[in-house]
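We use all heavy atoms of the structure for the numbers below, so side chains are in, but hydrogens, waters and symmetry mates are not.
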Amino acid sequence: MTTSSGFRTGRKVALVGRYPDPDPALPPYIPNLGLYQVAASVTDAGLDDLDLRIWDFPKQDPQAMIDEINAFDPDVIGYSAYLWSLPVLMQINDALKQSDPDRLSVFGGPSARQNMLALPPFAQMTQPDVLAIGEGEMTMTEIVALKHRTAETLANVRGIVLRQGSGWKQTPPRHPAKLDDLASPYALDLVPQTGLGIMETYRGCPFTCSFCEWGVMDAPKNVRSVASISKEFGAIADNGRNTLLLVDAGLNLNKSAFVNLSAAAEQTGFLKDRNLICEVYPAKVRDEHLKFLDGVGSPHIGVGLQSFDSEVLDEVERRYDEARFNNILTDLRSVAKLAIEIILGLPGDSPEKFKRNFERARSLPYALRVYHCLVLPSALMKRSPEEHMLDYDPVTLKMRSCLGWTREGLAEAVDFVNQHANRENGATGEFFWVFPRRR
């Protein structure tokens with residue numbers, strides 16, 4: 001049903017995500033935790049007449065998704081927009097809004113930003129009605145719960161940017177939800193029984209590295225309790241997951257969250273015989289973190305160095321203590337499998353510096369991940385100074401040139417890494433390269 005002054009009033013809800021197309025550097029499938037957490041919150045709200053369905057499948061043809069969603073005929077469509085999914089989601093939204101413009105389209109996720117949608121080709125496509133900024137669980141639940149969805153009622157929803165004609169209107173920020181209060185998509189059996197188990201124990205990051213989306217979030221004060229983590233362990237175990245991916249900014253960047261995670265792991269024994277994948281910030285590694293990792297079945301740790309060059313790191317608000325870094329890597333290696341992470345194309349770097357960093361990283365007895373620098377909408381796109389002279393692809397957001405890099409120099413560096421990947425049994429993906437540990 002549609003009112004004369006707003007969008008449709010029903011509670012048929014489609015939630016739409018899309019995993020990247022097959023990529024040699026990626027696992028076959030990682031469930032979209034944000035999408036399923038939104039689904040869990042809306043499902044758990046006890047709304048009358050709710051009919052919710054989820055589209056989150058890799059390799060599905062966009063036209064097939066359009067046809068299926070049209071056949072479902074939703075009143076509200078929520079999209080989980082990431083860099084890799086935004087082009088397809090905008091195509092789907094364009095078709096569904098043409099089919100019925102009174103359907104309310106809500107875009108959330110890291111790419112649901114005004115500056116991103118202002119780039120070609122997105123600026124020429126049908127724009128979303130609402131952008132959910134930050135945490136989307138309670139925002140989407142409130143939108144679905146509305147009896148009448150008009151410009152006036154939507155303007156009272158916190159934490160959104162509302163489309164008004166050719167412009168946007170931002171509402172006041174939403175207060176962060178307590179993680180313990182959010183419904184679990186695993187407990188509600190919403191997550192497909194494939195791929196990795198995924199968990200977050202806190203939100204935000206204490207650092208403000210300008211290349212990273214994490215750096216614009218609040219300092220991490222909102223943490224899950226021991227009881228909440230233990231319960232989620234049980235739900236993930238019931239789903240038959242042997243690998244847990246922590247999507248926190250880092251295992252050791254929130255003391256309270258780590259203490260609770262460690263206590264829950266000890267009480268339940270959940271991690272004793274499982275794989276754990278997480279990030280670790282080297283400067284903050286302590287004995288308790290090493291002890292915890294030593295009790296995990298098979299820990300796989302990413303160590304985000306980004307560059308060995310302190311001057312390069314200064315350009316993106318990052319720090320590096322070489323002596324401590326080397327000692328910490330030795331300690332971590334004794335309890336976990338490590339992958340060093342560096343970035344190709346950072347402002348202030350150069351082809352020559354990068355190649356030296358690459359060779360140095362390959363000389364270490366660890367795996368290596370090389371990420372192509374991306375100009376993310378809440379990171380470099382928003383916070384990089386003019387002197388960085390950013391030139392980037394408007395769809396992939398890959399850096400093409402910037403301070404220290406010509407187009408030719410950056411393209412040659414990409415070819416340099418490709419050649420090494422071919423020679424060293426590495427994997428070349430759309431946005432990054434993976435190299436095995438040298439033996």
Side-chain angles (χ1 to χ4, degrees), residues 1-4 6-22 29 32 34-36 38-39 42 50-133 136 139-140 143-144 146 149-151 154 160-168 192 377 393-397 430:
M1 177 180 176
T2 305
T3 64
S4 59
F7 298 96
R8 289 166 59 159
T9 60
R11 291 192 178 128
K12 293 185 74 173
V13 179
L15 295 180
V16 185
R18 182 177 173 84
Y19 194 66
D21 290 332
Y29 178 64
N32 184 331
L35 186 73
Y36 289 103
V38 169
V42 176
L50 177 68
D51 185 0
L52 184 148
R53 300 188 192 179
I54 300 171
W55 279 261
D56 180 37
F57 310 108
K59 300 184 289 186
Q60 188 167 15
D61 176 64
Q63 187 57 53
M65 296 176 72
I66 291 168
D67 293 341
E68 290 178 17
I69 298 169
N70 251 329
F72 175 53
D73 193 24
D75 304 300
V76 180
I77 311 171
Y79 299 89
S80 182
Y82 288 81
L83 174 63
W84 57 84
S85 63
L86 183 64
V88 171
L89 298 187
M90 287 292 285
Q91 177 186 345
I92 293 171
N93 180 64
D94 202 54
L96 294 177
K97 289 293 284 186
Q98 288 184 33
S99 175
D100 186 346
D102 291 331
R103 291 168 171 156
L104 181 68
S105 62
V106 183
F107 273 60
S111 287
R113 299 293 183 270
Q114 296 155 261
N115 56 353
M116 184 74 186
L117 297 180
L119 298 173
F122 309 119
Q124 286 73 47
M125 304 177 76
T126 301
Q127 296 288 292
D129 301 308
V130 173
L131 305 180
I133 305 299
T139 300
M140 191 64 175
I143 289 172
V144 174
L146 289 173
R149 301 183 189 105
T150 65
L154 289 167
I160 68 170
V161 181
L162 183 62
R163 187 72 176 176
Q164 291 191 336
S166 60
W168 300 91
D393 185 286
V395 176
T396 68
L397 303 188
E430 173 67 16

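When Leu86, Val88, Ile92 are each tested for a side chain to side chain contact (heavy atoms under 4.5 Å, CB included) with Tyr79, only one passes: Ile92.
For the pair Ile66/Ser99, no side-chain contact is recorded, criterion being any heavy-atom separation below 4.5 Å from C-beta on. In this structure, Asp129 and Ser105 have side chains that are in contact, with non-hydrogen atoms separated by less than 4.5 Å. The shortest side-chain heavy-atom distance between Gln60 and Glu68 falls under the 4.5 Å cut-off. With contacts defined as side-chain heavy-atom distances shorter than 4.5 Å, the pair Leu131/Arg163 does not qualify.
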Worksheet item: Going through the checks in order, is the side chain to side chain contact (heavy atoms under 4.5 Å, CB included) test met by Val76 and Met140?
Response: CA-CA 10 Å; Val76 180; Met140 191 64 175; 3.6 Å; yes
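The two residues Phe107 and Leu89 come nearest to each other via the heavy atoms CZ-O, 3.9 Å. Nearest heavy atom pair, residue Val144 against residue Arg149, reads O-NH2, 2.9 Å. Taking both residues in full, the closest heavy atoms of Leu104 and Leu154 are given as CD1-CD1, 4.1 Å, listed atom of the first, atom of the second, then distance. Contact detail for Ser85 and Ser80: the closest heavy-atom pair is OG-O, 3.4 Å. Minimum interatomic distance between Tyr29 and Pro192 (heavy atoms only, all atoms of both residues): OH-CG, 4.0 Å. Pro87 and Val395 get closest at one heavy-atom pair: CG-CG1, 3.7 Å.
The aromatic rings of Trp55 and Phe72 are tilted relative to each other, their planes meeting at an angle between 30° and 60°.
Of the charged side-chain nitrogens involved, at least one lies within less than 4.0 Å of a carboxylate oxygen, so that Arg8 and Asp100 count as a salt-bridged pair. A salt bridge links Asp73 to Arg103: one of the charged nitrogens lies within less than 4.0 Å of a carboxylate oxygen.
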List, one per line, each side-chain donor-acceptor pair under 3.5 Å for residues 116-127, sequence neighbours excluded.
| from | atom 1 | to | atom 2 | distance (Å) |
| --- | --- | --- | --- | --- |
| Thr126 | OG1 | Asp94 | OD1 | 2.4 |
| Gln127 | NE2 | Phe122 | O | 2.8 |
| Gln127 | NE2 | Met125 | O | 3.3 |

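To the nearest 0.5 angstrom, Arg18 atom CZ is 14.0 Å from Leu35 atom CG.
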